[in-house]
2 protein chains.
Amino acid sequence: MDVKTVCLGMLTDGPASGYDMKKCFESSFGHFFPAGYGSIYPALATLARNGMVEFEDVPQEGKPDRKVYSITDAGRQELQKGLSNPEPTHKVRSEFLATIWFAHLMEDEQIDAIVDNKLSEIEGFLKMIDEFPDCDCDQVPKGAQFVAGFGRHMAASFKAYIESNRDVLTENKPVDVKLAIGS
Amino acid sequence: MDVKTVCLGMLTDGPASGYDMKKCFESSFGHFFPAGYGSIYPALATLARNGMVEFEDVPQEGKPDRKVYSITDAGRQELQKGLSNPEPTHKVRSEFLATIWFAHLMEDEQIDAIVDNKLSEIEGFLKMIDEFPDCDCDQVPKGAQFVAGFGRHMAASFKAYIESNRDVLTENKPVDVKLAIGS
DNA sequence: GATGCATACTATCAATTTGATATATAAAAG
DNA sequence: CTTTTATATATCAAATTGATAGTATGCATC
């Protein structure tokens, strides 16, 4: 599963341009599967070359032309192939944790700044998804509901762990094992 | 912060070869900052070219030679620079969530298989870190303790969410908002 | 006694992704 | 009047991924 597969998936909702897809990555997808122009445009070019998508040039007044992509039947088959892996990965790449690992090489002030910044970032994220509420809940596909709930849950969990254990990094406390192990 | 910085950090613990570092990435670091030979060896080559590390060829009997790297003073400074970013990232790239997002395009059996596999993967991870217990807790640096506890906590949280909400994907239930929002 | 696999080391390569930048127009904000 | 934001395309160097290659020893399996 790569960006190509996700683009195909997005196109099952209807035709879209690369720019549209970028916005979709920014708003929802990007939180668990980020992608920028540098991967979206090459992905679309490859998909078009292989007949998985078709595109139409749509001129606009006062705005640049749009290249609007649609999924083909071959594309739908390819998408099924992309979704058929029974062991999809789930990877974290965290400069935050890598930095904190080396806390013993850092000043307490540095550590506190990093932790504070990360906490407010998470709080911002939680606020954002709670302001954008379960509006038209019946229209949203079950998978999207599940994933959105997952994001909310994990962010809250992230916040709780940091708040309970940040003392370990600057004072001399051991980690709160109960919280670490508990559900 | 990239693989180079992490390699420098590892070398503050003492000299090591690329192979040693790969094992370190596999056992602990890789859970939050993965790297393979394809990034480790180029990173070490660049660091050596720039005088951040030195290496010695160590012949061995019955085994291939080792290239043992040590950090230099310039390397220690570079490491401090690498750790000085007050807003380090924390990114998720999840084929799992991307696949689940498209659950409405899939068969229930496919979804169940994916969820079952992911659950047993997490259970294996939790078992692993709990068998490898808080042994020499005073010797382990505070940052490593914090990060290990974080991994345990997030894995448990991941598991709890999936178990409480997997029904959403194959039956017609809404997500359990209380669990999603709660601590 | 051969065949395959695990461990110990090095290293490279094509494909993909990242993060930034280039180009161009128009409206809105300051 | 200048900067920023939005609409849209696209490319590029650098980094990373995941696989593979090469070389040597030991250990088990057939």
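Because the structure is a prediction, the values reported are computed rather than measured. Chain identifiers are assigned alphabetically (A, B, ...) following the order of the sequence lines, protein sequences preceding nucleic acid strands; residue numbering begins at 1 within each chain.
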Taking only residues two or more places apart in sequence, or in another chain, which ones meet [X] in a side chain to side chain contact (heavy atoms under 4.5 Å, CB included)?
X         : result
Ala45(A)  : none
Lys4(B)   : Asp2(B), Ala43(B), Thr46(B), Leu47(B)
Glu107(B) : Glu109(B), Gln110(B)
Glu121(A) : Lys118(A)

With Phe29(B) via ring pair (Phe, Tyr, Trp, His ring centres under 6.0 Å) - residues at least two apart: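 Phe29(B) satisfies ring pair (Phe, Tyr, Trp, His ring centres under 6.0 Å) with Trp101(A), Phe102(A), Phe25(B), Phe32(B) only.
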How bent is the helix from dG1(C)-dC30(D) to dG30(C)-dC1(D), comparing axes over its five end pairs at each side, to the nearest 10°?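 Its terminal axes enclose an angle near 30°.
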Pairs where residues 45-72 of chain B contributes a residue and the test ring pair (Phe, Tyr, Trp, His ring centres under 6.0 Å) is met, not counting sequence neighbours: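 For residues 45-72 of chain B, and leaving out neighbouring residues, the ring pair (Phe, Tyr, Trp, His ring centres under 6.0 Å) pairs sorted by first residue read Phe55(B)-Tyr69(B).
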Between Asp65(A) and Lys63(B), who's closer to the 5' end of DNA chain D by nearest nucleotide?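 Per heavy-atom nearest nucleotide, the more 5' residue is Asp65(A).
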Qualifying salt bridge (Lys or Arg N to Asp or Glu O under 4.0 Å) pairs with a residue from residues 90-100 of chain A, counting only residues at least two apart or across chains: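 Checked against salt bridge (Lys or Arg N to Asp or Glu O under 4.0 Å) - neighbours excluded - no pair reaches residues 90-100 of chain A.
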At a cut-off of 3.5 Å, list every protein nitrogen or oxygen paired with a nitrogen or oxygen from nucleotides 17-21 of chain C, distance to 0.1 Å.
| unit_1 | atom_1 | unit_2 | atom_2 | d |
| --- | --- | --- | --- | --- |
| dT17(C) | OP1 | Val3(A) | N | 3.4 |
| dT17(C) | OP1 | Arg93(B) | NH2 | 3.2 |
| dG19(C) | OP1 | Lys91(B) | NZ | 2.5 |
| dG19(C) | OP2 | Lys91(B) | NZ | 3.1 |

Scan residues 10-18 of chain A against DNA chain D and write down, sorted by residue number, each residue with any heavy atom closer than 4.0 Å; if none is found, say none.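 Going residue by residue through residues 10-18 of chain A, the ones with a heavy atom under 4.0 Å of DNA chain D turn out to be Ser17(A), Gly18(A).
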Span of DNA chain D in contact with chain A (heavy atoms, under 4.0 Å):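 Result: dA6(D) to dG18(D).
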Any Gln60(B) side-chain nitrogen or oxygen under 4.0 Å from OP1 or OP2 of dC9(C):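 So the side chain of Gln60(B) is within the cut-off, an N or O lying under 4.0 Å from OP1 or OP2 of dC9(C).
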Counterpart residues, salt bridge (charged side-chain N to carboxylate O under 4.0 Å, His left out), relative to Glu54(A) (two or more places apart):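 Once residues adjacent in sequence are excluded, Glu54(A) has no partner under the salt bridge (charged side-chain N to carboxylate O under 4.0 Å, His left out) criterion.
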Taking side chain as C-beta onward, heavy atoms only, is Glu87(B) less than 4.5 Å from Asn85(B)?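 When only atoms from C-beta onward are counted, Asn85(B) and Glu87(B) do touch, with a gap below 4.5 Å.
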